[in-house]
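Below: the structure, in structure tokens.
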Amino acid sequence: MPQSIFYERDLNSAQLEAVYYTNSPLLVLAGAGSGKTRVITYKIAYLINECGYSPENMFAVTFTNKASIEMRERVNLLLGEKVDVWVKTFHSSAARLLRMWGRGLNVEPDFSIIDQQDQHALVRKIVTGMNIDTETYRPEKYVYLINRAKDQLLSAEAAESENFSTDFYFNDVYKRYEEILAKEHVLDFGDLIFRLTRGFQENREVLDRVRERFRYVLVDEFQDTNHAQYVLVKQLTDSHGNVCAVGDDDQSIYGFRGARVENILNYAKEYRNCRIIKLEENYRSYQNILTASSKLIDNNSERLGKTLFTKKGEGEKLVFCRTDSDYDEARFIAGTVRDLVMGGEYEYRDIAVFYRMNAQSRVFESVFNQDRIPYTIVGGLRFFEREEIKDILAYVRLAINPMDEMALERIANRPPRGIGRKTVARLVESYLGSGHSILDVGEDLDIAASRKKLVLQFVAFIDELREMINGQDPPSLLRYLYEKTGYLDWLKRERRDEKVRNLEELYNAVDEFHRNNPSSPINDFVEEVSLNQGARDDEFKNNRVHLITLHNAKGLEFPVVFMAGMEEGIFPHYLSGEALQDQQEERRLCYVGMTRAMVRLYFTAARRRLLFGRTVERDVSTFLSEIPKELVVERSYGFNATGYGSSYQTRFSPLTDRGKVKVVERDISGIEVGTKVVHRDFGRGTVRSLENEIAEIGFDDGTIMKFMLKYTPLEIEGK
DNA sequence: CCAATAAGTGTTTTT
DNA sequence: CACTTATTGG
């Protein structure tokens, strides 16, 4: 029984119009914090409850996994049950459709998906193989160009005839790259969209079937679509025009991966009768934050132009603090976080620190650890990008797709089993090279007998794994894989404790996947992971400060936001390019960051910063000079400042100095090595060592910290 | 033929 | 700093 939804109560008039309007294609220009997710979710509910669409007719597409998870949750909440609405990222929808239709869309149904790391390794191999100098002809440049070509729906042949790149070797590299991918049944991220649009073009019946199913399409963050994605949306909708795109040109921050803001403009032109609705009331931030961000973004030209307003009051002034070093910057933020939380008004989870580069998170990690401030890093070195995880998954990949040479090369000798580079090269040459899979390797293999035995053993194991995929449940398969390969033992022998823990965590993830999807084969897990869907979703459950890149922060909001590293060269980043387009994209990124803040917004900049092993001096970011002075108060921190400064350590480190923490000695009986515990702020973990009532605890997310048990808010799990 | 060690080099943002 | 390549020793 669908619960009743009070559209008039929950939505303002512009939002309401956007939800109710169904007569033609709709473009919603939604300013930051103007309730765009609300519009999309209510519109889905409205279409289902009032317009006769069924849930499986709906297709809502987003860019990030985070956004899709959140939207799916909100749709389910609104409709009162788990419904079969497709809410997915572009890439995972494309992967799913390609798998569903397989050869109907001219792809091999067993294809593997490679990420940028794999792409890079492959291109490097190609370039080396061509005997070109990798210094002057850099693999990362070719990866970039290939990806951009695919965003433009340009095959290797088309790229050549259209003179896509003037690089001397580009066309050769791209062609060779495509040959290898085709031979190995491998697709990269760009292919997922490219091959789907091409498949639709070549097989109209399939496209018609898909259109019959998806009768209404909603696109979130439309300003981030690239050409290929734009074409895909058109293919799906131009027959019926049931499409609603939501976006904000001021928040376009993915130009570097082919996103085109112009799509927003073209959309209105190309879809005749397109209706445009602007959402301009901001529900998130106080006026000062809104004014400051508006003034900043005013410096960009070529905007569609929206005027955001809020009914909230002025609110707090923004704060700017210049520190001597990056460490002081982190200490200032840590101290302020502590003050805010001690003040009782905010919790750790209300606070976020934004930065331009992942590398900046290190200092925060170190200082926050010292100061016992619980934090979580969003993005960064992702769990599924770690070496050991990719190794194990490569075994599964190879078992699923025995043509996958990249997977083979990755794990043939991990753990070391006497199958080195040369031997692998020979295998590749005589089998994969001639269209056979690794499973075809037999006695006729032309290498020394001792080595041949090793290879045949390895092949037999992969074959065995392949059989298990259908016969065994994923967790058992994984456990068997750990043991039979000796991978886990190898790591233990090498004392790579963290990697061992990560493999245990991988097992847990597979186990959880299996519980949630009892009938799904491990293939589905691998696919989720390949598309980075497997991101742990418990991030928000724990009460922690969020450390997050500006790009990852899009779509989120926090009462308190720190924007760190506001220094020329870092933000705007010195590699972002001189072109006006690039500068403006950096400014939009700054705008995105600022508009995440609800109540308090802090900027920090360090005079000196240790970057890549070198100390560099930097000026304050020009972006700060674009914000009206009267909205900002300056705070100082450092040797000459009062209050904080170099005396910080002695003043702050014992918690009791602050006078606000009651010290109660805690009962520590029952805690020993191996005990599973729950920390008030840090969540679940296991005691790794215990000495003089000081315990070292390894938390589930991999962080390790030491605590004096008497003073630590710790419970034994389940007690 | 393979693994461990030393020297050298280029550093964004993400599906 | 982290990651790749060159060298040496097993």
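Numbered from 1 within each chain, the chains take letters A, B, ... in sequence-line order.
- Under the rule for a side-chain hydrogen bond (donor to acceptor under 3.5 Å, both in side chains), A/R195 has no partner lying at least two apart in sequence or in another chain.
- Dashed line: the shortest gap from a side-chain N or O of A/T549 to OP1 or OP2 of B/dT14 is under 4.0 Å.
- Rounded to a whole angstrom, the distance from the C1' atom of C/dT4 to that of B/dT13 is 23 Å.
- Distance CG (A/L196) to C1' (B/dT15): 15 Å, rounded to an integer number of Å.
- Rounded to a whole Å, the CZ atom of A/R609 is 16 Å from the P atom of C/dC1.
- Set against B/dT14, B/dT15, B/dT12, the side chain of A/F189 has B/dT15 as its closest nucleotide.
- Between the CZ atom of A/F194 and the C1' atom of B/dT15 there is a distance of 17 Å, given to the nearest Å.
- Among C/dT5, B/dT13, B/dT11, the nucleotide with an atom closest to any side-chain atom of A/M357 is B/dT13.
- Two residues, A/R417 and A/H551, neighbour DNA chain B, and the one matched to the more 5' nucleotide by heavy-atom proximity is A/R417.
- Note on A/F63: only backbone sugar-phosphate atoms sit closer than 4.0 angstrom, heavy atoms only; bases stay farther off.
- Distances shown here put a side-chain N or O of A/N552 below 4.0 Å from the OP1 or OP2 atom of B/dT14.
- Using cut-offs of 30° and 60° on the angle between ring planes, the pair A/Y254 and A/F256 is tilted.
- No donor-acceptor contact under 3.5 Å links the side chain of A/H573 to the base of B/dT12.
- Residue A/Q116 is in base contact, counting any heavy-atom pair closer than 4.0 Å across all strands shown.
- Nucleotides B/dT12 and C/dT5 are separated by 25 Å at their C1' atoms, to the nearest Å.
- In this structure, A/E387 atom CD and C/dC3 atom C1' are separated by 11 Å, rounded to whole Å.
- Ring geometry for A/F571 versus A/F623: interplanar angle over 60°, hence perpendicular rather than tilted (30 to 60°).
- With a 6.0 Å cutoff to the six-membered ring centre and a 45° limit on the axis angle, A/R148 counts as a cation-pi contact of A/Y144.
- Atom C1' of nucleotide B/dT11 and atom CG of A/L610 are separated by 13 Å, given to the nearest angstrom.
- Taking only side-chain nitrogens and oxygens, A/R362 comes nearer than 4.0 Å to OP1 or OP2 of C/dA2.
- The shortest distance between the side-chain N/O atoms of A/N147 and the OP1/OP2 oxygens of B/dT14 is not below 4.0 Å.
- By the 4.0 Å N-to-carboxylate-O rule, A/R607 lies close enough to A/D324 to be salt-bridged with it.
- Along DNA chain B, the nucleotide closest to A/R138 and the one closest to A/R257 are compared, and the more 5′ of them pairs with A/R138.
- The side chain of A/H91 sits closest to B/dT15 out of B/dT13, B/dT15, C/dT5.
- Distances from the side chain of A/N413 to the nucleotides B/dT14, B/dA3, B/dT11 place B/dA3 closest.
- In this structure, A/I114 atom CD1 and B/dT15 atom P are separated by 17 Å, rounded to whole Å.
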